[in-house]
Amino acid sequence: MTQIDHDAGEPTKARAPSNAPIWAAGIVLAVLWLGSLTLMTLDWHSVVLGAVSGGAFVAFVTEITGNKVPKWMRR
C-alpha cells in the first residue's frame, strides 16, 4: 500500500464556479429584447436577437445538464 503525501498549504475545499456570466448574459438579452420590442419593427435585427437568445438558452441548458440526455429520452 502506498501513501500519498499531501501539501499542508493546500486548500481543503475547491471554490465553486460562479454563475456571474450566465446572469450577465441574461441581463444583456433581457435589455436587448425590451429595446427590440419597444423601438424596432420586425427585421433582420429581430432574427439575430432570436438566434442569439436561442443559442444562449441551448448553452445554458447544456451547462446545467452536463450535456447528458435524461433517461426517459434514451432508446
Side-chain angles (χ1 to χ4, degrees):
M1 180 183 245
T2 60
Q3 184 174 357
I4 300 173
D5 294 329
H6 292 281
D7 182 13
E10 180 181 13
T12 56
K13 239 182 178 180
R15 207 170 107 193
S18 172
N19 287 337
I22 293 172
W23 279 101
I27 291 170
V28 167
L29 280 175
V31 168
L32 287 174
W33 270 104
L34 286 173
S36 177
L37 290 172
T38 57
L39 301 174
M40 296 183 197
T41 58
L42 185 60
D43 56 358
W44 68 271
H45 291 99
S46 303
V47 174
V48 171
L49 182 58
V52 169
S53 297
F57 179 73
V58 168
F60 175 70
V61 171
T62 302
E63 180 68 26
I64 289 209
T65 61
N67 203 19
K68 294 183 180 175
V69 177
K71 288 182 182 177
W72 62 271
M73 292 181 73
R74 296 182 193 154
R75 293 181 191 201

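Other cluster members for Ile22: Phe57, Phe60, Val61, Ile64, joined by side-chain heavy-atom distances under 4.5 Å among Ile, Leu, Val, Met, Phe, Trp and Tyr. Alongside Val58, the hydrophobic cluster contains no other residue (criterion: ILVMFWY side chains under 4.5 Å).
Among residues at least two apart or in separate chains, side chain to side chain donor-acceptor pair (under 3.5 Å) pairs with a member in residues 46-74 are Trp33-Ser53.
Checked against side chain to side chain contact (heavy atoms under 4.5 Å, CB included), Val28 has the following partners two or more places apart in sequence or in another chain: Leu32. Taking the side chain to side chain donor-acceptor pair (under 3.5 Å) definition, one finds that Asp43 meets it with His45, sequence neighbours left out.
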Exercise. For Leu39 and Leu34, run side-chain contact (heavy atoms from CB on, under 4.5 Å): C-alpha distance rounded to whole Å, both residues' side-chain angles, the deciding distance at 0.1 Å, then the answer.
Key: CA-CA 8 Å; Leu39 301 174; Leu34 286 173; over 6 Å; no
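Val31 and Leu37 fall into different hydrophobic clusters, where Ile, Leu, Val, Met, Phe, Trp and Tyr side chains are chained together by heavy-atom contacts under 4.5 Å.
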